[in-house]
Amino acid sequence: MHPAPRTGRAVGPAGRTGPAERAAAPAPRRAAPAAAILAAAALALLFACREGPKPFEPEAPPPPDPPTWRLTFNPGQDHAPSWSPAGDSVYYSADELFGLPDSAGVLMRVAPERGAATPLFPALQSDRSYRWSAPALAPQTKRVAFMEIAAWGRTICGDEDFCELAEDTVPSEAPVGLRSLVLRVRPAGATGPLDGDPRLLVTAPGVRYDATLQHDTTVGAFVVEVFPFQTLFKQSRLPVFRPSWSGDGQRLAFADGQRLWVWTPGAADATPLAGTTDAAWAAWRPGTDVIAFTRYARDGGTRRWCFSRSSTTARVTCHQLQIVYANRGAALATIRADGTGYAELGAGEEPAWSADGAKLYFRRDDQLWQANADGSGATAIPGTTGGHEPAPSPDGRYLAFTRASTENGTFDVWITTLAAR
């Protein structure tokens, strides 16, 4: 789990040092004797060489009145920040946690002022086989929606044109993207098994068998299509499929990478929204039936055949056609939950709404922006260069987001102040 601030007075949105406190600081003392200086130097060396913070220890507090501060310090990936309705917790998903180095995806919460990060469902998430992502708390019903990554699409030959195998060898497989997900809904704080929770199987586009394809003398082949959303997820684990609640907490919007869907938890099926080809990043506007999303433009695709064959008989054992689509740009769009009223708002991706639905936050030109609900008046938000996945606090004072660290390239959650800007 994430290390929490080291001992010391917490400083963040709720604990800043004011001018009066700084003015009350004692006057400087005269120079200390040489012996005292040596003792102080030895003490400083001792603390400089001590071990780093243990799991769940507080991290060192940020400077007074910081406009932007790092909230999590995970050695793995942190993604999909969202806020509790009261604004007292930031929810997110994490992997490779302290204490759980093999964890694939754990749902977490932490105070925005920083502190100890804790799992949302500790009774279940000690099982490292779960890969959970993108938690979203319903504003009215106190239910948590999240995605479980169930399976990956595979390619038999990786980046090679063919694989030579022994006669009885199964082709090795390399992951190329999402194959299937499970959308789950669970009461906040639940401790029981998952069996009774509403769930929906989501099949992501990307892997299929086509019996009509012909290569050499063989008819029929597996087709692996790598769409832009697959590339984004594979490279950085960005949860393009994240769920988003309607304002009344009764329905969910989500994307499977090719279109938007609306689902009422407990229903057997979800409803696809026409006109949302290549949709990702669903974001339901509070108090309305409008859903914002990102539409990725893609090219015609680069096609390449690969196959596995026996190294002893040269017999081909499997044909596979790989089609990789390049991302030609991203546009923000909105549509009503009944599939009508489609409108484009300009360039951008990863949209999120303010709690009153008046402002839209999104990523553009490698930083985060805010605009009016119709896309007008767009302005860049300082301190968010490299930012992804914006999530405004319910009171509109802060913006949580993710950003890759300069140390190891993994993502952490950050917070910036909006009210003073």
Side-chain angles (χ1 to χ4, degrees), residues 80-86 91 93 107 120 132-148 150 180-190 194 196-204 229 239-295 332-343 345 350-362 373 389-392 394:
S82 62
W83 293 77
S84 62
Y91 292 68
S93 55
L107 307 184
L120 267 63
W132 290 349
S133 181
L137 189 66
Q140 303 294 333
T141 60
K142 295 184 179 180
R143 293 183 293 174
V144 181
F146 57 95
M147 282 290 192
E148 178 180 325
S180 63
L181 307 108
V182 178
L183 176 55
R184 294 187 179 276
V185 174
R186 186 168 178 80
L194 295 171
D197 296 343
R199 62 187 295 274
L200 178 72
L201 180 62
V202 180
T203 301
F229 83 94
V240 298
F241 44 76
R242 68 181 184 191
S244 179
W245 287 99
S246 60
D248 60 5
Q250 299 301 316
R251 292 178 293 169
L252 284 162
F254 67 93
D256 67 359
Q258 278 202 317
R259 62 183 60 82
L260 289 183
W261 299 76
V262 174
W263 181 53
T264 300
D269 299 301
T271 302
L273 298 189
T276 59
T277 305
D278 292 321
W281 301 104
W284 206 307
R285 185 181 180 186
T288 73
D289 63 349
V290 172
I291 302 167
F293 64 98
T294 300
R295 166 169 267 165
L332 295 170
T334 57
I335 195 168
R336 297 187 181 279
D338 62 1
T340 64
Y342 175 83
L345 309 183
E350 306 173 30
W353 294 99
S354 60
D356 60 4
K359 293 289 184 182
L360 184 64
Y361 297 87
F362 54 93
E389 305 174 273

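Index from 1, following the sequence.
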Could you check if a side-chain atom of [X] sits within less than 4.5 angstrom of a side-chain atom of [Y], using non-hydrogen atoms only?
X: I291; Y: L273; answer: yes
X: T271; Y: W261; answer: no
X: T277; Y: R295; answer: yes

Within the side chain of [X], is there an N or O that forms a donor-acceptor pair under 3.5 Å with the backbone of [Y]?
X: S82; Y: P135; answer: yes
X: T334; Y: V290; answer: no
X: W284; Y: A253; answer: no

Can you name the salt bridge (charged side-chain N to carboxylate O under 4.0 Å, His left out) partners of [X], sequence neighbours left out?
X: R186; value: D197
X: R285; value: none
X: D248; value: none

How about R184: does its CZ atom have over 12 heavy atoms from other parts shown lying under 6.0 Å from it?
-> yes

Partners passing ring pair (Phe, Tyr, Trp, His ring centres under 6.0 Å) against [X] (at least two apart in sequence or in another chain):
X: F293; answer: none
X: W132; answer: Y130, F146
X: Y91; answer: none

side-chain contact (heavy atoms from CB on, under 4.5 Å) partner of P265, chosen from L183, L200, V185 | V185

State which residues pass side chain to side chain contact (heavy atoms under 4.5 Å, CB included) with P286; sequence neighbours excluded, sorted by chain then number.
-> W353

[X]: partners by side chain to side chain donor-acceptor pair (under 3.5 Å), with sequence neighbours left out:
X: R259; value: none
X: R199; value: none
X: T340; value: D338
X: R143; value: T141

How would you list all residue pairs meeting salt bridge (Lys or Arg N to Asp or Glu O under 4.0 Å) that involve residues 260-273, not counting sequence neighbours?
-> none

